[in-house]
Protein chains: 2
Amino acid sequence: MSLSTDRDKLQAADKPTLYKQIRLDIERRILTGEWPPGHRIPFEHELTARYGCSRMTVSKALSELAQADLIERRRRAGTFVRRPKFLSAVLTIPDIRAEITALGRSYFYQLTQCSRRAATAADRARLGVRKSGKVIAIACRHSADGVPFAIEDRLINLDAVPEAASADFSIEPPGTWLLHHVPWTEAEHSISAIVADAAAASALDIAVGAPCLVIDRHTWRSARPLTAVRLVYPGEAHKLVARFKGG
Amino acid sequence: MSLSTDRDKLQAADKPTLYKQIRLDIERRILTGEWPPGHRIPFEHELTARYGCSRMTVSKALSELAQADLIERRRRAGTFVRRPKFLSAVLTIPDIRAEITALGRSYFYQLTQCSRRAATAADRARLGVRKSGKVIAIACRHSADGVPFAIEDRLINLDAVPEAASADFSIEPPGTWLLHHVPWTEAEHSISAIVADAAAASALDIAVGAPCLVIDRHTWRSARPLTAVRLVYPGEAHKLVARFKGG
DNA sequence: GGTGTCGATATGTCTATACATATTCCCGTC
DNA sequence: GACGGGAATATGTATAGACATATCGACACC
């Protein structure tokens with residue numbers, strides 16, 4: 001009996017490696033709806049027969065699909081196409097200095113306020129720490145080509161980032177310094193809209209009542225709060241872009 | 001000679017599988033700065049000796065780290081720690097109906113306008129299509145517990161999504177229908193802040209001049225435009241949350 | 001009927017080996 | 001010294017086989 005498998009067809013199609021072709025083949029069937037959500041994908045031993053390869057090879061393809069959340073693998077039960085995933089996107093928020101200079105615009109940084117103090121009750125609540133400790137409170141402004149770009153209001157948890165005590169934030173923006181010196185493991189962004197009050201309007205050189213985009217970011221390392229920052233951007237001038245690419 | 005490896009140490013520490021422990025161990029060294037960006041990670045054959053396992057096992061750990069963009073692997077040269085990645089987060093924007101009902105609030109949907117037409121020049125520009133074709137234009141409003149939650153203004157490219165012609169958008173919100181029926185591969189979100197004009201204020205039951213958060217989303221399948229939507233939320237009432245967790 | 005145990009089964013991990021492929025390095029030639 | 005070609009080497013892919021682990025289902029027992 002001739003053992004004709006789909007492997008020949010796939011190999012003929014293109015050049016890349018076998019496991020990648022298997023991955024793409026299954027991906028295609030899912031994206032076109034041929035295998036709808038909930039559908040049970042053939043067992044690994046069936047796929048080895050279909051593609052004429054070893055179990056490790058199809059397993060590698062399935063592992064990557066599972067990592068991408070396209071399928072779900074359950075022992076003893078089999079492998080299933082997942083319900084459509086949430087609409088999600090990778091929101092990239094680069095360091096502001098890098099963002100501005102990358103656009104070829106001149107960057108200007110102004111430290112408005114910088115103080116080191118024992119954490120107040122409000123500081124602890126904002127950072128999410130229980131014990132009392134020391135913090136650095138910073139307010140500053142970023143400008144691009146002389147035009148205010150964003151204002152920043154930040155707290156740094158000195159107990160978690162003691163080396164921040166010796167950083168000079170009058171020269172280097174705290175976000176830039178932190179990004180280059182402090183590794184982090186978790187971050188949370190909360191995005192909202194406000195209208196400028198008198199202080200924000202003055203700092204951003206816009207009208208009182210103009211719309212502003214606000215990003216509140218908290219950063220942790222291994223569940224330990226590192227810093228909390230609020231960035232206020234002129235609303236219509238700035239856009240956050242988030243992209244998602246499947247595959 | 002006794003062949004003592006780090007494997008015993010790792011195995012003692014916890015329970016999970018060996019390759020995962022190797023992955024976590026390397027990840028830790030990178031995150032703590034012990035292995036800074038640009039540092040060459042020991043060769044696979046050195047890691048097999050260090051952890052006392054086969055090359056396939058360390059390779060699996062390295063593959064996952066490479067997929068997560070923490071390291072870069074180059075043939076003949078070795079494996080290197082990557083430059084610090086951008087501050088990025090996964091922004092999850094679920095279906096609005098699901099988002100509201102998940103909070104235990106009652107969902108109410110109102111179709112304001114729905115028309116099928118040949119694409120105008122403005123439609124084509126907004127969708128990013130060149131050829132003329134048919135589109136569906138929809139305006140609607142989402143409410144939670146009777147309070148306006150967001151207004152939506154959407155175009156659907158009927159050439160790419162012909163089955164949308166037979167959907168009844170007076171019952172099911174278009175976002176929900178699309179999410180359940182149309183697979184997508186790329187999406188782009190642009191987030192900004194505006195103040196409510198008279199129309200938005202009336203639709204959202206807020207004051208003219210109140211801040212609003214705006215999300216413009218474009219969705220493609222294999223580079224083919226599917227839909228373009230603008231969502232306007234009352235700005236201070238709603239927050240978008242984006243999280244990142246390393247590992 | 002409810003419960004618990006046990007076997008069957010599909011995925012998960014790991015090994016040892018082999019060959020492919022990309023890239024660097026070095027050496028010999030012009 | 002510049003250039004070209006081949007050896008050395010580190011990663012990339014694939015195989016067959018083995019054992020681990022989770023879980024569904026069936027059967028036995030209370």
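Throughout, protein chains are lettered first and strands after them, A, B, ... in sequence-line order, and every chain is numbered starting at 1. This is a predicted model, so every value here is computed, not measured.
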Please enumerate all protein N or O atoms sitting under 3.5 Å from an N or O of nucleotides 9-11 of chain C, with distances to 0.1 Å.
residue	atom	partner	partner atom	Å
dT11(C)	OP1	Thr79(A)	OG1	3.4
dT11(C)	OP2	Glu44(A)	N	3.2
dT11(C)	O2	Arg75(A)	NE	3.3

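Dashed line: the shortest gap from a side-chain N or O of Lys20(B) to OP1 or OP2 of dG12(C) is not under 4.0 Å. Residue Ser59(B) has no polar side-chain atom (N or O) positioned under 4.0 Å from OP1 or OP2 of dG12(D). Checking the phosphate oxygens (OP1, OP2) of dT13(D), a side-chain nitrogen or oxygen of Lys60(A) falls inside 4.0 Å.
Ala77(B) pairs by the side-chain contact (heavy atoms from CB on, under 4.5 Å) definition with Arg74(B), Phe80(B), not counting sequence neighbours. With sequence neighbours excluded, the residues satisfying salt bridge (Lys or Arg N to Asp or Glu O under 4.0 Å) with Arg28(A) are Asp25(A). The ring pair (Phe, Tyr, Trp, His ring centres under 6.0 Å) test applied to Phe43(A) returns His45(A), not counting sequence neighbours. For Trp177(A), the ring pair (Phe, Tyr, Trp, His ring centres under 6.0 Å) test picks out Phe169(A), His181(A), with sequence neighbours left out. For the side-chain contact (heavy atoms from CB on, under 4.5 Å) test, residues two or more places apart in sequence or in another chain that qualify with Ala165(A) are Arg116(A), Leu158(A).
Between the CE atom of Met56(A) and the P atom of dA18(D) there is a distance of 15 Å, given to the nearest Å. Between the C1' atom of dA22(D) and the CD atom of Glu72(A) lies a distance of 14 Å, rounded to the nearest Å. The interatomic distance linking Phe80(B) (CZ) with dT23(C) (C1') rounds to 12 Å, in whole Å. The CZ atom of Arg40(A) sits 15 Å away from the C1' atom of dT23(D) (whole-angstrom rounding).
When atom types are taken as modelled, the side chain of Thr101(A) and the backbone of Arg97(A) share a donor-acceptor pair closer than 3.5 angstrom.
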